[in-house]
**Q** 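First, the structure itself, so that you have it in front of you.
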Amino acid sequence: MLDKEQIQELSMKFEGAQPQDAVSWALNTFGKDMAFACSFGMEDICIIDMILKVSPDARIFYLDTSLFFKETYELIRKLEDRYIVKFESVKSECPLEQQAQQYGDALWKINPDLCCSLRKVVPLKKQLSTLKAWMTGIRREQAPTRANAKPVEWDEKFNLVKVNPLVRWTSHDVLGYLLKYDIPYNPLHDKGYPSIGCEPCTFPVNPGEDARAGRWRGFEKKECGLHK
Ligand code: SF4
């Protein structure tokens, strides 16, 4: 177990290093006790590539809300074929039909926090309860809510180490990496969707807006509840 001082030192070390260094360190340190929570955004695909170059059997999972765009499901299959892997699909214990019966057909329109809690936060919490560390693709530039993210930090909400190798990267860095290695990404990114989540809650952004401005349009909400 790392203490707070060690985590701070590691964070400072990886602040000045390449993301691949943080990825390799985390894989070597935690092995199967760490998993990458992937949402298949552009940055997450860079991390998939970095992880699988070091450890082809590393744990990579996604929170399948059953509400992704068809383009996202197609991308998942394409990446699985490219890397010859099967990403772990983590689903809510409350199927969509049950959610509709209990709360109505479109809970996301009336209470997106509850919908995200049922479909994302509760399944994530269960998944993380078996781990010592998790990795994410969050970047400081994405939104003010992420501006203070560190390369390595203690996740107070879920009680484990959180590794964010790409915190310093810009969207330009991310696209540059994908183009350099000719890695596929979601075609919706080229249609005005810099951040892609569930279909009912994801809209294109306008010029000058931050990358997550198209998520939950019309609500104050800017995060699913997975990141503080
Ligand atoms: S993003 Fe929208 S549809 Fe997806 S879980 Fe959250 S509220 Fe529900």
Side-chain angles (χ1 to χ4, degrees), residues 35-45 47-48 60-77 79 87-129 131 134-139 141-147 149 155 157-158 162 164 166 171 174 185-206 209-228:
F36 172 44
C38 182
S39 65
F40 300 99
M42 285 173 125
E43 36 286 294
D44 286 11
I45 300 171
I47 294 186
I48 288 177
I60 300 176
F61 72 91
Y62 61 104
L63 298 167
D64 186 355
T65 61
S66 309
L67 290 161
F68 291 169
F69 287 89
K70 78 170 175 25
E71 288 85 346
T72 306
Y73 287 111
E74 285 166 7
L75 174 66
I76 295 170
R77 300 290 89 83
L79 290 166
F87 303 120
E88 186 185 349
S89 161
V90 174
K91 291 201 175 206
S92 170
E93 285 177 5
C94 177
L96 267 187
E97 301 70 32
Q98 187 185 328
Q99 180 172 305
Q101 273 170 10
Q102 275 181 260
Y103 302 105
D105 279 341
L107 181 58
W108 47 87
K109 282 188 185 164
I110 51 172
N111 191 341
D113 281 339
L114 178 58
C115 186
C116 274
S117 174
L118 290 167
R119 315 219 65 72
K120 295 183 178 182
V121 181
V122 172
L124 178 71
K125 194 171 182 187
K126 190 172 174 200
Q127 180 80 347
L128 297 187
S129 68
L131 299 172
W134 67 310
M135 188 176 287
T136 85
I138 62 173
R139 295 185 298 110
E141 187 197 62
Q142 285 170 317
T145 47
R146 299 184 176 190
D155 188 328
K157 182 167 184 176
F158 296 111
K162 186 175 181 184
N164 310 305
L166 296 188
S171 53
V174 172
Y185 61 84
N186 199 321
L188 293 173
H189 288 306
D190 293 332
K191 295 179 181 168
Y193 296 79
S195 173
I196 300 168
C198 297
E199 186 167 9
C201 300
T202 306
F203 302 90
V205 303
N206 299 313
E209 288 185 317
D210 77 50
R212 293 179 64 79
R215 306 287 296 274
W216 304 283
R217 267 226 195 277
F219 292 91
E220 285 294 309
K221 183 175 170 67
K222 283 289 159 262
E223 294 283 353
C224 310
L226 310 185
H227 309 291
K228 68 181 176 190

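Worth knowing before you read on, the calculation uses all heavy atoms, side chains too, and leaves out hydrogens, waters and symmetry mates. Just so it is clear, the model here is predicted, and its values are computed rather than measured. One-based numbering, in listed order, for ligands and for the atoms of each.
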**Q** For the side chain of R139 and the backbone of A149, is there at least one donor-acceptor N/O pair under 3.5 Å apart?
**A**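 Not at all, since once roles are kept as given, no pair shorter than 3.5 Å links the two residues.
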**Q** Could you go through residues 192-205 and list every donor-acceptor pair under 3.5 Å that involves a side-chain atom there, pairing it with any protein atom two or more places apart or in another chain?
**A**
unit_1	atom_1	unit_2	atom_2	d
S195	OG	R215	NH1	2.7
T202	OG1	G197	N	3.1
T202	OG1	C198	O	2.7

**Q** Say whether, by atom type as modelled, one donor and one acceptor occur between the side chain of D44 and the main chain of S39 under 3.5 angstrom.
**A**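 Yes; judged by distance alone, with no hydrogens or angles, the pair exists.
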**Q** Residues in salt bridge (charged side-chain N to carboxylate O under 4.0 Å, His left out) with K91, at least two apart?
**A**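 With sequence neighbours excluded, K91 shows a salt bridge (charged side-chain N to carboxylate O under 4.0 Å, His left out) to D64, given in chain and number order.
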**Q** Hey, is E71 close enough to K191 for a salt bridge, meaning N to O under 4.0 Å?
**A**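 K191 and E71: not salt-bridged.
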**Q** Which protein N, O or S atoms lie under 2.8 Å from atom 6 (Fe) of ligand 1, given by chain and residue number?
**A**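 Counting only protein N, O or S atoms under 2.8 Å from atom 6 (Fe) of ligand 1, the list reads C116 SG.
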**Q** I'd like to check the side chain to side chain contact (heavy atoms under 4.5 Å, CB included) partners of A100; sequence neighbours left out, ordered by chain and number.
**A**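 Scan of A100 (side chain to side chain contact (heavy atoms under 4.5 Å, CB included), adjacent residues dropped) gives D105.
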